[in-house]
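Notes follow once the structure below has been shown.
The chains referred to below are lettered A, B, ... by the order of the sequence lines, with proteins before strands, and numbering in each begins at 1. Here the structure is a predicted model, which means the values were calculated and not measured.
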Amino acid sequence: MQNSTPHFIREAIKEDIRAGRCDGRVVTRFPPEPNGYLHIGHAKAICIDFGMAAEFGGECHLRFDDTNPSREEQRYIDAIQEDVRWLGFDWGEHLYFASDYFGRMHELAVMLIKAGKAYVDDLSADEIRAHRGTLTGPGRRSPHRDRTVEENLDLFERMRAGEFPDGSRVLRAKIDMASPNLNMRDPVMYRILKVPHHRQKDAWCIYPMYDWAHGLEDSLEGVTHSLCSLEFEDHRPLYDWFLDQLPVHHPRQIEFARLNLSHTIMSKRKLLRLVQEGHVEGWDDPRLPTISGLRRRGYTPEAIRTFCERIGVAKRDSVVDHALLEHCLREDLNKRSPRVMAVLRPLRLVIDNYPDGQSEELEAVNNPEDPGAGTRTVPFSRELLIERDDFMEDPPKKYFRLAPGREVRLRYAYFVTCTHAVRDSSGEIVEVHGTYDPSTRGGDAPDGRKVKATLHWVSAPHAIQIETRLYEHLFAKADPDAFDDGEDFTVNINPVSLEVLNEARAEPSLKKAMPGDRFQFERVGYFCVDTASAGGRPVFNRTVTLRDEWSRIQKRQQSG
RNA sequence: UGGGGUGUAGUUCAGUUGGUAGAACGCCUGGUUCUGGCCCAGGAAGUCGGGGGUUCAAGUCCUCCCGCCCCAGCCA
């Protein structure tokens, strides 16, 4: 975190500290509304909020902005805490709820009314909208704008007491109906909502609006820097106005651009649709950019944090290439993942000169990137399983793998030379035969001869059966929102974003794998044991493939 | 004739007080290798949104223009 690239928020905070504007203290907050699951866009915000606090020796609060009980639920509060913690951040004792400040907010609202800066309006929602004016024209004052302080006080107390039905009255700030900033045209501070709150129960039937509440939440907690996304830039004058009217601490709001990622969507509304319409299996579907989905997919918190660091912080709208996320993932997984051999689409390979019924244990390195990871043994026998892609009867140029007459290495085992392939009546290759060189045990030839390819394999009689789930982008297009009139983003859903392989086999060491464990299947990709794995046959989610030069060569050969 | 933002390689970002541009990812070459992974070396790629101006010198300063994003919830 020390040699991070510079960005404007870091510079602004430094400048504030230098100028003594915040007592040298840095207090930030991550303020989710508990009405949905966190996604990688939130991860960016979390990294910035907690990251800035940590960098300047300050603190970052986790505060639930629970001011709208009609859409918030306890289960989201729980899930959000789990996700933030999993990402590696610690709010210590600073867990807060906006709803805990309702009493203080109410007092301050009364103070504003007494100062003649807020009034109760009887206009309906539609009327208020009509009075607000347009983007280019000023609004009109409500006929109730000039009520006396006494009348406003009385009406506001009766609103709170539950005397009026939902939507019948609101408390509004008295600012400027002609302001070019619509947020300043007498914004609503409180609305009547006779809905029990998930934490406050029936204590309130009026609830504060975001603009009124958020600055106070920040202020009450002593937040120094309130970091949020760009769409709140227009709200900053109002944020400042409220705080300026009151005898309270005044934090500084700074806005940055939210994260967009290619090949996926970040909007809560659209994510919800994907879940509700069954395009995915739930909020933690491994194809979703939700934190829970990424976790189940096998992403590491470290990879996500590195990613958030590398994308930078700026104010322009942008779309980050999903490839950068995958790069950060592979970089981390490469260092930490134990290697293991598994064959996704098996093809029988019979070693004709290997004694029938015999088997032996061969030593394999657990992680070439980490000498401390040690070794294990894998069983070898006459009947092996190799990847179908690793054999071609009539190979094209640059194909280095097994083919008739060709010698390759079986990793950690022997050099084998293919003799022939066997086809069934329909002409499909059902097995391959070959011979091995006993002197190459372990994988090296005493005479120093080389092979151009090394294949992964499993011993057929020893292998365990596993299920693998191969994921591709949920959206085929980089921009899921690129669609024609009359269509919506769901037309861009990739119909083959999930491929389930039931015939995969793995080396027996995988028997001990537990849900959440991550492995590199050598030459194939990184996999993570699914949380829903049944005991007998573990399910492996493909987190990400290994970079694959051969597939690029193939693409080139096909296209030209 | 509303307001607020924002425009630098394909992408995401850096570019100190003005000295004709850098990184990462992606892409391409080559090397290395018991993973076609990792690693190493190299390369292609930018009329710095456009015009005008100030200056010996402008991505940086001034000015005009253009593009894109956000705002008319009793959502956050």
Phosphate oxygens OP1/OP2 of B/C71: is one of them under 4.0 Å from a side-chain N or O of A/Arg185? no
Between B/U20 and B/C13, how far apart are the two P atoms, rounded to whole Å? 25 Å
Between A/Thr377 and A/Glu361: side-chain donor-acceptor atoms closer than 3.5 Å: yes
Of the candidate nucleotides B/C71, B/A76, B/C25, which contains the atom at the shortest distance from the side chain of A/Thr67? B/A76
With hydrogens left out and only the distance checked, is there a donor-acceptor pair under 3.5 Å joining A/Glu233's side chain and the base of B/G3? no
Would you say A/Arg556 places a side-chain N or O within less than 4.0 Å of OP1 or OP2 belonging to B/C28? yes
A/Asn183 atom CG is separated from B/A76 atom C1', nearest whole Å, by 12 Å
Report yes if at least one side-chain N or O of A/Ser318 is closer than 4.0 Å to OP1 or OP2 of B/C13; otherwise report no. yes
What interatomic distance, in whole Å, is found between C1' of B/G73 and the corresponding atom of B/U63? 40 Å
Measure across A/Ala453 and A/Arg401 and return the closest heavy-atom pair with its distance rounded to 0.1 Å. CB-CA, 3.9 Å
Using the C1' atom as the point on both nucleotides, what is the distance between B/C56 and B/A44, in whole Å? 34 Å
Indicate syn or anti for B/G73, taking the glycosidic torsion and treating anything within 90° of 0 as syn. syn
Does B/G5 have OP1 or OP2 sitting under 4.0 Å from an N or O in the side chain of A/Arg236? no
Can you find a donor-acceptor pair, distance only, under 3.5 Å between A/Arg129 side chain and B/G73 base? no
Side chain to side chain contact (heavy atoms under 4.5 Å, CB included) with A/Val416: of A/Leu455, A/Leu410, A/Val451, A/Ile386, only one passes, and it is A/Leu410
By the 4.0 Å heavy-atom rule, please label A/His235 as base, sugar-phosphate, or nothing. base
Distance check, P atoms only: B/U55 and B/G18, in whole angstrom units. 16 Å
Between the base of B/U8 and the side chain of A/Arg316, is there a donor and acceptor pair under 3.5 angstrom? yes
Tested for ring pair (Phe, Tyr, Trp, His ring centres under 6.0 Å) against A/Phe156, the lone hit among A/Tyr119, A/Tyr190, A/Phe164 is A/Tyr190
Tell me which nucleotide among B/G36, B/U35, B/C74 gets nearest to the side chain of A/Leu546. B/U35
Among B/C71, B/A76, B/G36, the nucleotide that comes nearest once only the side chain of A/Leu135 is considered: B/C71
Looking at the side chain of A/Lys315, which of B/G15, B/G5, B/C74 is the nearest nucleotide? B/G5
I'd like the C1' distance from B/G26 over to B/U12, given in whole Å. 11 Å
Just N and O in the side chain of A/Arg132: are any of them under 4.0 Å from OP1 or OP2 of B/C74? yes
Roughly how far apart, to the nearest Å, are B/G7 and B/A14 at atom P? 9 Å
Sugar-phosphate, base or nothing in reach of A/Val524, heavy atoms under 4.0 Å: nothing
Less than 4.0 angstrom between a side-chain N/O of A/Arg547 and OP1 or OP2 of B/G36, yes or no? no
Below 4.0 Å: OP1/OP2 of B/A23 and any side-chain N or O of A/Thr5: no
Please report the distance separating the C1' of B/C69 from the corresponding atom of B/C61, rounded so that it comes out in whole Å. 27 Å
Does A/Arg310 have a side-chain nitrogen or oxygen under 4.0 Å from the phosphate oxygens OP1 or OP2 of B/C25? no
Quick one: does A/Leu510's side chain get under 4.5 Å of A/Phe521's, heavy atoms only? yes
Whole angstrom value for the distance that separates P of B/C74 from CZ of A/Arg71: 13 Å
Mutual orientation of the aromatic rings belonging to A/Phe102 and A/His197 [parallel < 30°, tilted 30-60°, perpendicular > 60°]: perpendicular
A/Asn68 and A/Tyr210 side chains, donor-acceptor separation under 3.5 Å: no
Using the C1' atom on both, measure B/G42 against B/U32 and round to a whole Å. 15 Å
With the side chain defined as heavy atoms from C-beta on, A/Phe232 is closest, among B/A76, B/C75, B/C74, to B/A76
Examine B/C25: is either OP1 or OP2 under 4.0 Å from a nitrogen or oxygen in the side chain of A/His327? Give yes or no. yes
Donor-acceptor pair (no angle test) under 3.5 Å: A/Asn181 side chain, B/G4 base: no
